[in-house]
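For reference, the structure is listed below as structure tokens.
Note that these values count all heavy atoms, side chains included, but never hydrogens, waters or copies made by symmetry.
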Amino acid sequence: MPAYHSTFLADESSDNRLVGNFSILPIRTRFRGPSYPCNSDYDIIDESLDLFRANSFFRNFEIKGPADRTLIYGILFISNCLQALSPSTSEHEAVKILTNLSLDNFFIPGDAGFPLNSLYQGPADRNEAQLLRGYLQQFRQELSTRLIERLYKDDKSAPSKYWFAFTRRRFMNKSL
């Protein structure tokens, strides 16, 4: 059974910007950043959250386009978020932890400390690097906010145990 790929591969048109081979896809967000506003109710962040549990079982993932690279980054960031939380973390504490995690200094493709440099091309120049860093920060903030909404949908005092069952699994045996 193959892994689930991004549905935004079909949308690879001149509308989407590329930095290296990383797709800058539109997202619905309330955070400032370089992303275009999304015209639909479903964006790459919703797709990352929907496909996280299914794709976390796969050790191999065939990349079919730049949107898959954005999906991979989202899935790996969700994994990092879940590892930063514990099953007894309240929603208020989770907001603090994940906000700090999403705003912490992080490596982008092309940096020496980025763990997936074999899959991603680095930015061509400093302007592209700033664009990618701004997009990833916006992406991480919105993803952590939506993850908290899903984790604490039923109970505000403890996250869903169905999400924490996947904290030991490592998608593609990688982590950010």
Side-chain angles (χ1 to χ4, degrees), residues 1-13 15-31 33 35-85 87 89 94 97-98 101-102 106-109 114-121 132 135-154 159-176:
M1 181 173 171
Y4 296 98
H5 293 277
S6 177
T7 57
F8 296 100
L9 290 172
D11 283 348
E12 296 295 329
S13 63
D15 297 348
N16 296 336
R17 298 176 286 179
L18 291 177
V19 175
N21 56 4
F22 193 95
S23 185
I24 307 292
L25 296 168
I27 55 176
R28 284 181 298 112
T29 183
R30 58 185 174 89
F31 298 102
S35 173
Y36 293 134
C38 187
N39 296 334
S40 68
D41 290 340
Y42 193 73
D43 62 0
I44 188 66
I45 292 176
D46 289 328
E47 185 174 54
S48 297
L49 289 165
D50 290 345
L51 296 180
F52 168 73
R53 292 187 281 184
N55 277 351
S56 65
F57 290 108
F58 294 101
R59 300 289 179 227
N60 299 320
F61 187 82
E62 178 188 358
I63 299 173
K64 294 186 176 181
D68 273 348
R69 288 182 177 84
T70 308
L71 177 67
I72 289 170
Y73 189 88
I75 289 172
L76 293 176
F77 184 68
I78 292 169
S79 180
N80 278 6
C81 289
L82 291 176
Q83 289 174 358
L85 300 175
T89 307
I97 292 168
L98 295 187
L101 183 64
S102 63
F106 56 92
F107 296 110
I108 63 172
F114 190 71
L116 303 169
N117 274 333
S118 61
L119 303 175
Y120 293 84
Q121 293 175 354
L132 183 59
Y135 178 75
L136 288 178
Q137 184 169 359
Q138 183 183 19
F139 184 85
R140 290 162 63 109
Q141 287 176 306
E142 186 62 33
L143 185 57
S144 63
T145 301
R146 291 193 206 171
L147 178 63
I148 289 171
E149 290 171 4
R150 289 193 186 200
L151 285 174
Y152 294 93
K153 183 172 64 171
D154 298 328
S160 170
K161 65 182 178 181
Y162 299 110
W163 280 86
F164 273 92
F166 293 89
T167 55
R168 289 174 296 214
R169 298 222 171 254
R170 289 180 53 174
F171 177 61
M172 296 173 52
N173 281 334
K174 305 275 186 195
S175 64
L176 292 180

Practice task
For Ser160 and Asp154, run side-chain contact (heavy atoms from CB on, under 4.5 Å): C-alpha distance rounded to whole Å, both residues' side-chain angles, the deciding distance at 0.1 Å, then the answer.
Solution key: CA-CA 8 Å; Ser160 170; Asp154 298 328; 5.7 Å; no

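- Within the 4.5 Å cutoff, the side chain of Tyr162 has no heavy atoms near those of the Leu151 side chain.
- Checked by atom type and distance alone, the side chain of Glu142 never pairs as donor or acceptor with a backbone atom of Ile45 at under 3.5 Å.
- Inter-residue side-chain proximity for Phe164 and Leu85 is flagged as met; some heavy-atom pair is nearer than 4.5 Å.
- Counting all heavy atoms, side chain and backbone alike, Tyr73 lies closest to Leu136 at CE2-CD2, 3.7 Å.
- Atom CD1 of Ile75 sits about 12.5 Å away from atom CG of Asn80, to the nearest 0.5 Å.
- Screening Tyr120, Phe22, Phe106 against Phe114 for a ring pair (Phe, Tyr, Trp, His ring centres under 6.0 Å) leaves a single residue, Tyr120.
- For the residue pair Ser102 and Gln137, no side-chain donor N or O sits within less than 3.5 Å of a side-chain acceptor on the partner.
- Here the CG-CZ distance, from Leu116 to Phe107, works out to 12.5 Å after rounding to the nearest 0.5 Å.
- Heavy-atom minimum distance, Pro87 versus Pro159: O-CD, 3.3 Å.
- Here the closest non-hydrogen pair linking Cys38 and Pro26 is CA-CB, 3.9 Å.
- Two residues are said to be in side-chain contact when any heavy atoms from C-beta on lie closer than 4.5 Å; Tyr36 and Ile24 fail this criterion.
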Practice task
Test Leu71 against His5 for side-chain contact (heavy atoms from CB on, under 4.5 Å), laying out the working first.
Solution key: CA-CA 8 Å; Leu71 177 67; His5 293 277; 5.7 Å; no

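- To the nearest 0.5 Å, atom CG of residue Asp43 and atom OG of residue Ser48 are 8.5 Å apart.
- Taking the side chain to side chain donor-acceptor pair (under 3.5 Å) definition, one finds that Ser79 meets it with nothing, sequence neighbours left out.
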Exercise for the section: Determine, step by step, whether Ile44 and Phe139 satisfy the side-chain contact (heavy atoms from CB on, under 4.5 Å) criterion, reporting the C-alpha distance in whole Å, the side-chain angles of both residues, the deciding distance to 0.1 Å, and the verdict. Expected result: CA-CA 9 Å; Ile44 188 66; Phe139 184 85; 3.7 Å; yes

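- When all heavy atoms of Ala3 and Asn60 are compared, the closest pair comes out as CB-O, 4.5 Å.
- Nearest heavy atom pair, residue Arg30 against residue Thr145, reads NH2-CG2, 3.7 Å.
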Please tabulate, for side-chain N and O atoms in residues 50-59, each donor-acceptor pair with protein atoms closer than 3.5 Å (sequence neighbours left out).
unit_1	atom_1	unit_2	atom_2	d
Asp50	OD1	Arg150	NH1	2.8
Asp50	OD1	Arg150	NH2	3.2
Asp50	OD2	Tyr42	OH	3.2
Asn55	OD1	Tyr4	N	2.9
Asn55	ND2	Tyr4	O	2.9
Ser56	OG	Phe52	O	3.4
Ser56	OG	Arg53	O	2.9
Arg59	NH1	Arg170	O	2.3

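- Within the cation-pi definition used here (under 6.0 Å to the ring centroid, within 45° of the axis), Arg140 does not qualify as a partner of Phe31.
- You'll find the side chain of Leu143 reaches within 4.5 Å of the side chain of Leu49, heavy atoms only.
- A salt bridge does not link Arg28 to Asp41: none of the charged side-chain nitrogens sits closer than 4.0 Å to a carboxylate oxygen.
- Across all non-hydrogen atoms, the minimal contact from Ile148 to Ala94 is CD1-O, 3.7 Å.
- Lys153 has no carboxylate O lying under 4.0 Å from a charged side-chain N of Glu149, or vice versa, which leaves the two without a salt bridge.
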Exercise for the section: Step by step, work out the side-chain contact (heavy atoms from CB on, under 4.5 Å) result for Leu147 and Ile78. Expected result: CA-CA 8 Å; Leu147 178 63; Ile78 292 169; 4.2 Å; yes

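- Residues passing the side chain to side chain donor-acceptor pair (under 3.5 Å) test with Arg69, sequence neighbours excluded: none.
- A distance of 6.0 Å separates CG of Leu119 from CD1 of Ile72, quoted to the nearest 0.5 Å.
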